[in-house]
Enquirer: 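Let me give you the structure first, and then I'll get to my questions.
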Amino acid sequence: NIRIAAENFNKKFRRFSIHLDRLQKFDFDNSQAVGKLIRLYLQDVQVDEMKLDFSHFNITHELVRLMWSQYDLKTLTISGFDNILYQCLFKHDISYMIRFELKKLILNHRVVSNEYNELFLKFIKCLESLEVLELHKEIEFQDFFNVIFEKKNLKSLTLATNFVTLKNVDFKKVLNSNIEELVLVTRSQYGIEQTINYLIEKL
């Protein structure tokens, strides 16, 4: 398990990284130095669990290339500001690079209505083996849920609860899907009371 931050980018690690073939877990800082490290030394490393942060633009291409090289990736966590993430990652069609059978996807950004939705949904549709999906920010458009509830292998769904999200959920589709576990997360007591009352009505 390795977490790479800018201060770790030194000669000693560079010599070590050349001999890496496989990692269980890799957590990427999004500094420019790490982007260079990925580009030069880690393109052929296979990773089981990967965490990517798109808070800035500077290493997007390196991360996309690294994802493209993966065959055994099982868990992927994507974080960052939603506008930068969409502009960086989903401005182009990247669904062609899905070579791995991802089991768990964690999204720590808002899924919003904008011009990149079509390519984002195409990427999600390609994750046919997905079993666990965690969404820790608001979901602001219905089409995303329509795609999710049609996934045959999805067993567990975690949602950050608020009425922006819940009102976009068709609970009839939830009950007709293969989802066995639905986890709703809220940070406020008022939000919990609202959520319970809403679910009693819907379910």
Side-chain angles (χ1 to χ4, degrees), residues 1-5 8-9 13-80 84-109 111 116-136 144 147-158 178-181:
N1 297 336
I2 298 181
R3 186 183 190 283
I4 301 299
N8 301 127
F9 187 69
F13 182 81
R14 276 182 279 183
R15 288 195 299 269
F16 168 70
S17 65
I18 292 174
H19 303 288
L20 285 175
D21 294 316
R22 188 172 191 87
L23 289 171
Q24 182 179 7
K25 184 176 181 179
F26 213 161
D27 183 353
F28 294 100
D29 187 313
N30 82 340
S31 67
Q32 188 173 359
V34 174
K36 183 178 179 181
L37 182 149
I38 295 170
R39 182 173 63 252
L40 295 179
Y41 301 106
L42 300 179
Q43 284 299 312
D44 298 323
V45 175
Q46 294 297 306
V47 184
D48 295 328
E49 181 177 345
M50 187 183 301
K51 182 177 180 181
L52 307 179
D53 188 330
F54 289 88
S55 296
H56 301 285
F57 286 93
N58 51 19
I59 63 169
T60 301
H61 297 299
E62 283 80 5
L63 294 179
V64 169
R65 287 179 59 194
L66 183 67
M67 289 178 65
W68 191 8
S69 69
Q70 298 303 309
Y71 291 92
D72 301 311
L73 186 64
K74 295 296 185 291
T75 299
L76 174 62
T77 301
I78 301 178
S79 303
I84 294 178
L85 180 65
Y86 274 88
Q87 290 177 43
C88 289
L89 196 56
F90 300 113
K91 189 174 183 178
H92 307 285
D93 181 7
I94 60 172
S95 59
Y96 67 90
M97 73 180 190
I98 306 298
R99 306 181 183 188
F100 43 79
E101 293 189 355
L102 196 70
K103 300 296 184 184
K104 184 175 182 179
L105 176 63
I106 302 171
L107 299 178
N108 291 308
H109 65 89
V111 179
Y116 306 123
N117 282 350
E118 182 179 350
L119 297 179
F120 174 71
L121 289 178
K122 189 172 182 180
F123 174 83
I124 296 296
K125 287 178 180 178
C126 289
L127 304 177
E128 297 179 357
S129 60
L130 196 65
E131 296 178 357
V132 179
L133 176 62
E134 297 184 16
L135 307 166
H136 295 286
F144 179 81
V147 170
I148 293 305
F149 297 144
E150 292 174 358
K151 289 196 164 295
K152 296 180 179 179
N153 293 314
L154 189 65
K155 303 298 182 185
S156 176
L157 176 63
T158 298
N178 292 321
I179 294 174
E180 299 174 356
E181 178 182 52

Enquirer: Who are the side-chain contact (heavy atoms from CB on, under 4.5 Å) partners of Glu180, not counting sequence neighbours?
Expert: Lys155

Enquirer: Partners of His136 by side chain to side chain donor-acceptor pair (under 3.5 Å), sequence neighbours excluded?
Expert: Glu134

Enquirer: With sequence neighbours left out, what residues match Ser69 under side chain to side chain donor-acceptor pair (under 3.5 Å)?
Expert: none

Enquirer: Can you name the residues that form a side chain to side chain donor-acceptor pair (under 3.5 Å) with Ser79, not counting sequence neighbours?
Expert: Asn108

Enquirer: Does Asn117 have any side chain to side chain donor-acceptor pair (under 3.5 Å) partners at least two apart in sequence or in another chain, and if so, which?
Expert: none

Enquirer: Donor-acceptor pairs are to be reported for all side-chain atoms of residues 71-78 against protein atoms at under 3.5 Å, with residues two or more places apart or in another chain.
Expert:
unit_1 : atom_1 : unit_2 : atom_2 : d
Tyr71  : OH     : Arg99  : NH1    : 2.7
Asp72  : OD2    : Arg22  : NH1    : 3.3
Lys74  : NZ     : Asp72  : O      : 3.1

Enquirer: Would you check if the side chain of Gln70 reaches a backbone N or O of Val47 as a donor-acceptor pair within less than 3.5 Å?
Expert: yes

Enquirer: Suppose we screen for ring-ring contact (aromatic ring centres under 6.0 Å, His included). Which residues come up paired with Phe100, at least two apart in sequence or across chains?
Expert: none

Enquirer: Do Ser156 and Glu131 have side chains that get closer than 4.5 Å, going by heavy atoms?
Expert: no

Enquirer: What pairs with Lys122 under salt bridge (Lys or Arg N to Asp or Glu O under 4.0 Å), at least two apart in sequence or on another chain?
Expert: Asp93

Enquirer: Side chain to side chain contact (heavy atoms under 4.5 Å, CB included), that's the test. Do Met67 and Leu52 meet it? Break it down for me.
Expert: CA-CA 10 Å; Met67 289 178 65; Leu52 307 179; 3.3 Å; yes

Enquirer: Quick one: are Leu89 and Phe120 in side-chain contact, heavy atoms under 4.5 Å?
Expert: no

Enquirer: Please name all residues satisfying side-chain contact (heavy atoms from CB on, under 4.5 Å) with Lys91, sequence neighbours left out, ordered by chain then number.
Expert: Tyr116

